[in-house]
Amino acid sequence: MNLSNHIPILIIAIPLLAAFLVPLISRINKKATGILTTLALSVSLLLTIVLAVKILTVGPQVYVFGATSPSLTLPSGLKFPIRIMFQIDAMSIFMGLITAVVSFLGATYSLSFTKKYDGVDKYYSLLLLLTVGIFGMEFTGDIFNFFVFLEIASIASVALISFRGVDLGEPAEAGFKYMVVSSVSALMVLFAIGIFYGEYDVLNIAAIASVIKYSQLDKIALGLLMPVLAMKAGAVPMHMWTPDAYSEAPAPITMMLVAASQASLYALFRVVFSLYNISLNTLTVGWIIIIFGLLSMFIGVTMAIIQKDIKRLMAYHAISQTGYMLLGVGVGLAVLANPEALKNYGITAMEGGIFHIMNHAMYKGLLFLTAGALFFRTGTRDLNKMGGLAHYMKYTTIFFIIGAAAIAGLPPFNGFASKLLIYESVYKFNPLLSIIAMVVSILTLASFVKVFHSAFLGPKLPQFKEVKEVPRSMVFAMAVLSCIIIFFGLFPDLIVKNLVHPAVMSLIEQLQYTGTVLGGM
Amino acid sequence: MKKIIFGLAFIIFFSFLIVSAINMRTFGEPTISEMDDYFIENAQNETGANNVVTSIVFDYRGFDTLGEATVLFTAVVGVVALFRGVKK
Amino acid sequence: MIGNLPYVVVVISIGLGIYTLMFKRNLIKIAIGICLIENGVNLFLITLGYRKGAVAPIYTYAPSGQAMVLPTPQALTLTSIVIGIATTALILSIAMMIYKHYGTLDTDQVRRLKG
Amino acid sequence: MKEMSRIIKTVTNFVYGFIIIFGFYIIVHGHLTPGGGFQGGAVVGSAFALLLISYGSMNSNKFLKEDIFSLFEGFGLILFIVLGFSGLGITFFYNFLANSGGWFGDTAVIGVNPGDMNTAGVIPLMNIAVGLEVLSAFGVIVLTMARGAEFTKKKENS
């Protein structure tokens with residue numbers, strides 16, 4: 001029994017087992033639940049890093065459930081896979097790394113943050129299940145399995161968003177909205193799966209991609225999948241759930257919700273690039289994605305400027321930053337059929353967009369955690385009621401400055417690195433788009449200067465006399481994120497070359513994706 | 001105004017569905033059924049279960065079933081967490 | 001066209017569900033709309049698996065020599081039904097919680113989160 | 001929820017045992033006849049719902065315990081995932097008992113046959129695990145929502 005072959009499943013199965021154990025453990029000892037959660041997620045993080053090293057050196061990994069060997073995709077003479085499999089390439093593991101880091105830090109942060117809550121065991125159980133759902137969405141190579149994990153992630157996030165619904169009405173309301181959105185979108189995904197199944201009689205993504213004909217029905221399936229996944233990712237025409245859900249969830253959960261919506265974004269890219277790829281009318285679909293991105297950027301930032309609630313403001317910024325990713329990858333898709341333009345600036349644009357996913361998860365997670373720290377000590381999210389907090393919470397102030405500078409795209413932080421890639425490549429595609437992106441960046445900076453001024457600066461306020469620095473585990477989580485942000489900002493070339501570029505290439509090259517499952521073609 | 005936008009979206013969506021219904025293959029005559037024929041022929045041999053659907057649910061697609069049980073567990077934990085303040 | 005009648009039923013069920021979601025203002029009705037869509041999708045999956053004159057794919061005391069219907073859609077539908085139960089349970093619980101806090105189920109009055 | 005009339009309670013007393021036994025039959029014979037863990041679990045869960053509505057949520061607390069249900073739920077899930085793990089010598093969810101000659105390991109007769117309980121490897125065990133999980137999950141959901149309904153109604157009157 002060679003455990004190193006089983007790493008892909010262990011990454012998911014260990015948090016899942018821990019999630020089942022947590023309710024039983026809490027009968028014996030309530031405090032042990034948090035420690036068990038953190039332990040399970042740290043094991044998962046370690047295994048993800050090991051798997052990432054393996055994938056980036058050896059190549060894509062396949063794990064077939066229930067077969068006689070983990071890499072046996074096609075048993076004896078079949079032309080199509082019959083079992084569920086995990087298919088992990090550079091792009092999947094890129095997203096997996098984000099999820100692992102974010103979930104581990106979320107659990108660490110929760111150790112202190114959930115002291116005020118009762119029913120902590122349910123909280124940790126749901127947190128683990130949410131992690132499992134996100135990991136599954138990113139790793140799976142089977143389209144129905146994707147639907148199942150989408151449901152796990154959305155039901156767990158609904159339960160966590162409405163976790164404070166016992167005492168307050170707003171979390172329950174936000175949870176209801178998100179539940180309606182996510183169940184409708186999951187059912188539309190299931191309808192699209194039915195269309196694929198009826199046409200080709202396979203459920204494996206790579207197998208569908210190898211036979212797809214782009215007929216009328218495939219167009220309808222794309223027309224169902226794209227808006228629905230964009231809605232789950234929080235792009236603008238369908239963004240109404242995002243501010244509510246992000247602002248009402250507990251702060252560590254908001255950070256994980258960012259990762260969950262990015263998993264939907266990943267699924268959108270997977271559908272467009274790996275499932276359809278060149279058979280699409282790439283220019284049209286690319287422009288649709290670019291327009292989604294532009295609307296998200298602009299409307300997100302304009303709505304953010306007028307907000308009074310700190311987490312709501314950050315949620316609108318999350319929408320606006322999603323626009324950058326859609327813009328970068330959309331430009332790459334628009335020139336996919338044109339090898340020269342793709343080589344010239346398409347790949348760079350996609351690198352910018354994909355790199356921005358990771359950067360966004362890090363700095364937006366940090367900002368939500370600082371907002372959570374402010375809420376933890378002051379008990380309010382209203383910017384007008386805060387002030388002078390820099391006197392009491394030194395570390396939190398520093399972390400907030402780092403996060404705000406990163407989101408506004410100031411050097412030497414990571415936001416600058418990915419935004420620069422997007423600006424320079426999009427400028428070659430269409431100068432106007434690049435200028436809009438820069439304007440949005442300036443507006444973002446203005447908005448965060450306002451937040452910094454009203455929350456941290458100013459005289460000491462009498463009602464915050466008791467406020468002191470947050471507990472150690474919360475500081476630890478924020479410090480790790482800040483270190484990652486600064487590291488990525490100082491050495492962007494290293495990350496782009498080793499992590500982002502393989503991810504982009506694995507998206508673009510469809511034959512490599514199908515070949516992993518179906519053999520050399 | 002809102003109603004008009006909703007109505008338009010609804011009409012577009014409904015026409016999508018109608019077009020897909022018209023284009024679907026004829027009811028009762030699957031054109032391609034390679035994967036399912038494989039299951040019907042080999043499930044009994046490979047898993048030993050007489051019920052082909054059960055052998056798919058628990059063997060060929062067993063991981064889906066784990067996910068499905070997890071979804072139910074998640075919903076239970078969510079419902080219990082939502083009503084946790086409510087005493088008997 | 002008449003051969004595709006089951007698909008038309010599916011489309012009508014899903015369409016009614018979407019209509020309910022968009023134009024009804026009661027939380028319980030919204031939950032019912034989601035159930036309608038879900039049933040439509042399940043019916044769609046089952047419809048795909050039907051083969052004319054075939055029997056259920058179970059070998060115990062099966063009539064010999066007859067074709068069997070496709071088994072995969074049945075397995076998928078089983079999964080999606082259980083997921084639907086989970087969704088419905090959670091959505092109804094949240095609706096009950098909203099009723100407890102706001103005293104109403106009308107979406108126009110349940111709107112503290114805005115802008 | 002109030003308790004219902006004497007007729008309903010008497011019929012319930014008579015019927016619920018049969019429903020539960022039928023549910024367990026469906027669970028255990030999942031690999032031979034139509035049914036399986038989920039379907040059988042749902043049948044048993046419906047018996048609990050019947051008990052709950054005929055006796056009312058206050059009285060049924062005496063014989064339907066939420067604690068025990070949640071314990072059984074965790075137990076069923078852990079049994080299920082451990083069965084998955086135990087195939088890990090080959091792959092996760094590998095059916096290591098099928099056709100091995102031991103427990104549930106008889107080779108099935110190919111083609112139409114009357115059925116043999118002792119076949120199908122881990123599938124019957126998984127059916128039992130999932131059936132346990134589903135029936136207790138249904139019990140917990142029904143009991144919790146009944147309790148919550150009681151609570152919201154009280155709020156309404158006061």
Side-chain angles (χ1 to χ4, degrees), chain B residues 2 6 17 20-21 24-88, chain D residues 29-38 57-58 61 66 69-70 73-74 76-77 80-81 83-84 87 92-95 97-99 104-116 118-124 126-127 129-130 133-134 136-138 140-141 144-145 147-148 150-152:
Chain B
K2 203 176 171 189
F6 269 29
L17 291 176
S20 70
M24 228 41 223
R25 59 174 164 71
T26 324
F27 172 67
E29 291 159 13
T31 42
I32 315 172
S33 59
E34 283 172 319
M35 186 169 73
D36 294 276
D37 290 339
Y38 177 88
F39 286 141
I40 291 173
E41 275 161 32
N42 297 331
Q44 220 182 1
N45 183 18
E46 285 179 5
T47 65
N50 271 349
N51 187 341
V52 180
V53 177
T54 307
S55 68
I56 292 174
V57 168
F58 285 102
D59 192 306
Y60 295 105
R61 307 188 68 82
F63 195 61
D64 268 355
T65 309
L66 180 62
E68 175 189 357
T70 312
V71 169
L72 198 54
F73 174 72
T74 316
V76 169
V77 175
V79 170
V80 173
L82 211 56
F83 289 119
R84 69 185 183 282
V86 185
K87 292 284 171 298
K88 275 173 199 163
Chain D
H29 287 250
H31 57 298
L32 299 177
T33 56
F38 286 105
S57 51
M58 288 301 160
N61 270 332
E66 218 177 297
F69 279 140
S70 63
E73 192 196 7
L77 274 170
F80 190 32
I81 199 171
L83 282 170
F92 198 71
F93 267 98
Y94 182 70
N95 194 340
L97 286 173
N99 302 332
F104 298 107
D106 285 2
T107 320
V109 184
I110 305 296
V112 177
N113 64 52
D116 176 6
N118 204 17
T119 52
V122 293
I123 291 176
M126 281 181 175
N127 265 324
V130 168
E133 196 258 332
V134 172
S136 40
F138 270 62
V140 175
I141 287 182
T144 316
M145 285 180 73
R147 195 155 51 91
E150 201 76 19
F151 183 68
T152 39

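Not measured: the values here are computed from a predicted model. Throughout, protein chains are lettered first and strands after them, A, B, ... in sequence-line order, and every chain is numbered starting at 1.
Chain D forms more heavy-atom pairs under 4.5 Å with one residue of B:D59, B:L66, B:V79 than with any other, namely B:L66. Across B:F73, B:F58, B:F63, the residue that shares the most heavy-atom pairs under 4.5 angstrom with chain D is B:F58.
In this structure, chain B has a heavy atom under 4.5 Å from the side chain of D:L77, while its backbone stays farther away. Using a 4.5 Å cut-off between heavy atoms, B:V53 does not touch chain D at all. Proximity to chain B is limited to the backbone of D:P34, based on heavy atoms less than 4.5 angstrom apart. Proximity to chain B is absent for every atom of D:S136, based on heavy atoms less than 4.5 angstrom apart. Contact of D:V134 with chain B is made through backbone and side chain together, with heavy-atom distances under 4.5 Å.
With contacts defined as side-chain heavy-atom distances shorter than 4.5 Å, the pair D:F38/B:T65 qualifies.
Interatomic distance, D:H29 NE2 to B:N51 CG, rounded to the nearest 0.5 Å: 12.5 Å. Atom OG1 of D:T144 and atom CG of B:L82 lie 10.5 Å apart (nearest 0.5 Å).
Under the 3.5 Å distance criterion, the side-chain polar atoms of B:T54 are matched with a main-chain donor or acceptor of D:G30.
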- Does the side chain to side chain contact (heavy atoms under 4.5 Å, CB included) test come out yes or no for D:F69 and B:V76, once each step is laid out? CA-CA 11 Å; D:F69 279 140; B:V76 169; over 6 Å; no
